[in-house]
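Just the heavy atoms: all of them, side chains too, but no hydrogens, waters or symmetry mates, feed the values below. All figures in this text were calculated on a predicted structure; none of them were measured in a lab.
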Amino acid sequence: AGAGGTTYLVGDWCGGDSNSATCDVTISELEGFDCLHESILVNTDEGLKHIDTLSIGDRVLSYNFKNNEIESVQILKILKPEHKGLYKVKFDNDVEIILTKPHPIISEDGKLFSISPELALKMYDLKCDELKIDTSIKTIEGSSKVISMEKIPDTHKTYTINTINRNFYASNFLVHSEMKLEFNKQ
C-alpha cells in the first residue's frame, strides 16, 4: 500500500464482484491509476478498437516477454476513472498517446518508462526510468521515439485494462497495465 493507503483488489472496490467487467471510480476517491485517455485505440485480434468499447473477455494484443512474442490475451479487468493533468506524448511516427503521469510504457528492451517514475514507484511499486524526449518505445513493428510531451488541461475519462502479461498494445505502442487500487479511508 502507498503511504497511508489501503490496497484493495478490483473486486473489493466494485462491491465484492471480482468478475465485474468494469468499475467506475472517480479521481477524488483515489491516489491514482496509470491510465490511458478514452480516445486511445487498442490493438485487438480484429484490428484497432477504441478502449471505451472493450469489455472483460475481449482479446487484445500483448507482449509475452518469456516467449519474446506478441500474443492475443483476454482482458481480465477494466477500470474507468476520471483524471486531471493527463499528458500527450507524441512520437516520431506521428502517433500520440494520452496518458496519466505515472503510466509506464515499455521500451524495446523491456524497460519501463514513466513521465513520473517517483509516482510509479510510490503508487505501484514499479521501478521506471523517466520518459524523456528521444526515449525509444516498443511498437508492434519495432520502436518509435518520443518527440514531445505536453500536459493537457481539464478532467478526462480514462481507462486501464489488465491482462495476464501485465501489458497491451495501445495505438501500436506497448504499455504496462497495472491495477493496484489505493485510497485513504476517511
Notebook entry, point to check: Does atom NZ of Lys101 have more than 12 heavy-atom neighbours from other groups under 6.0 Å away?
Noted result: no
Next item on the list: Give, for atom CD of Gln74 and atom CD1 of Ile161, the distance between the pair rounded to the nearest 0.5 Å.
Entry: 12.0 Å
Notebook entry, point to check: Distance only, no hydrogens: is a donor on one side chain within 3.5 Å (strictly under) of an acceptor on the other, for Ser62 and Asn167?
Noted result: yes
Notebook entry, point to check: What's the verdict on side-chain contact (heavy atoms from CB on, under 4.5 Å) for Phe65 and Ile106, showing C-alpha distance, side-chain angles and the deciding distance?
Noted result: CA-CA 11 Å; Phe65 281 95; Ile106 304 171; 3.8 Å; yes
Checklist line | Contact summary for Lys88 and Glu96, nearest pair of heavy atoms | finding: CD-OE1, 3.3 Å
Check: Is any side-chain heavy atom of Asn43 closer than 4.5 Å to a side-chain heavy atom of Val60?
Finding: no
Margin query: What's the separation between atom CG in Leu86 and atom OG1 in Thr155, rounded to the nearest 0.5 Å?
Written below: 8.5 Å
Notebook entry, point to check: Phe168 and Val175: side-chain contact (heavy atoms from CB on, under 4.5 Å), yes or no, with the steps?
Noted result: CA-CA 6 Å; Phe168 61 97; Val175 299; 3.6 Å; yes
Next item on the list: Flag yes if more than 12 heavy atoms outside Ile164 fall under 6.0 Å of its CD1 atom; otherwise flag no.
Entry: no
Check: For the atom pair OG (Ser177) and CG (Leu76), what is the distance rounded to the nearest 0.5 Å?
Finding: 8.0 Å
Check: Between Tyr63 (side chain) and Asn68 (backbone), is there a donor-acceptor pair under 3.5 Å?
Finding: yes
Next item on the list: Would you check if there is a donor-acceptor pair between the side chains of Asn165 and Thr163 at a distance under 3.5 Å?
Entry: no
Next item on the list: For the pair Thr100 (side chain) and Cys35 (backbone), establish whether a donor and an acceptor sit closer than 3.5 Å, ignoring hydrogens and angles.
Entry: yes
Notebook entry, point to check: Has the side chain of Asp92 got a donor or acceptor atom that lies under 3.5 Å from a matching backbone atom of Lys145?
Noted result: yes
Next item on the list: Could you tell me which non-hydrogen atom of Ser55 sits nearest to which non-hydrogen atom of Ile75, and how far apart they are?
Entry: O-CD1, 3.7 Å
Check: Any side-chain heavy-atom pair from Ile78 and Tyr159 closer than 4.5 angstrom?
Finding: yes
Note to self: For a side-chain contact (heavy atoms from CB on, under 4.5 Å) check, start with the C-alpha distance between Tyr87 and Ile98, then their side-chain angles and the critical distance, and finish with the verdict.
What the structure shows: CA-CA 5 Å; Tyr87 285 79; Ile98 301 172; over 6 Å; no
Next item on the list: Work out which heavy atom in Ile147 is nearest to a heavy atom in Phe91; give both atom names and the distance.
Entry: CD1-O, 3.7 Å
Checklist line | 4.5 Å side-chain heavy-atom contact, Leu121 and Leu126 | finding: no
Check: Taking side chain as C-beta onward, heavy atoms only, is Met149 less than 4.5 Å from Leu131?
Finding: yes
Check: Donor-acceptor pair, Ser114 side chain versus Pro102 backbone, under 3.5 Å?
Finding: yes
Notebook entry, point to check: Without hydrogens or angle criteria, can the side chains of Glu71 and Asn64 be said to hold a donor-acceptor pair below 3.5 Å?
Noted result: yes
Check: Which atom pair, heavy atoms only, marks the closest approach of Ile97 to Ala170?
Finding: CD1-O, 3.8 Å
Next item on the list: Using a 4.5 Å cut-off on heavy atoms from C-beta on, say whether the side chain of Glu130 contacts that of Pro117.
Entry: yes
Solution key, residues 46-54 side-chain donor-acceptor pairs under 3.5 Å, sequence neighbours excluded:
unit_1: Glu46; atom_1: OE1; unit_2: Lys49; atom_2: NZ; d: 2.7
unit_1: Thr53; atom_1: OG1; unit_2: His50; atom_2: O; d: 2.7

Check: Does the side chain of Ser143 come under 3.5 Å of the side chain of Ser136 through a donor N or O and an acceptor N or O?
Finding: yes
Item checked: side-chain contact (heavy atoms from CB on, under 4.5 Å) evaluation trace for His156 with Glu82 -> CA-CA 5 Å; His156 300 271; Glu82 291 186 350; over 6 Å; no
Notebook entry, point to check: Would you say Ile137 and Leu41 are hydrophobically clustered, going by side-chain heavy atoms of ILVMFWY under 4.5 Å?
Noted result: no
Notebook entry, point to check: Are any of the side-chain heavy atoms of Leu112 and His176 separated by less than 4.5 Å?
Noted result: yes
Next item on the list: Verify, without hydrogens or angle tests, whether Asn172 (side chain) and Thr139 (backbone) share a donor-acceptor contact under 3.5 angstrom.
Entry: no
Check: How about Arg59 and Ser72: does a side-chain donor come under 3.5 Å of a side-chain acceptor?
Finding: yes
Note to self: Do Ile115 and Leu99 have side chains that approach each other closer than 4.5 Å (heavy atoms only, starting at C-beta)?
What the structure shows: yes
Margin query: Check for me, please, whether Val89 and Phe113 land in the same ILVMFWY cluster - side-chain distances under 4.5 Å, paths through other members count.
Written below: yes
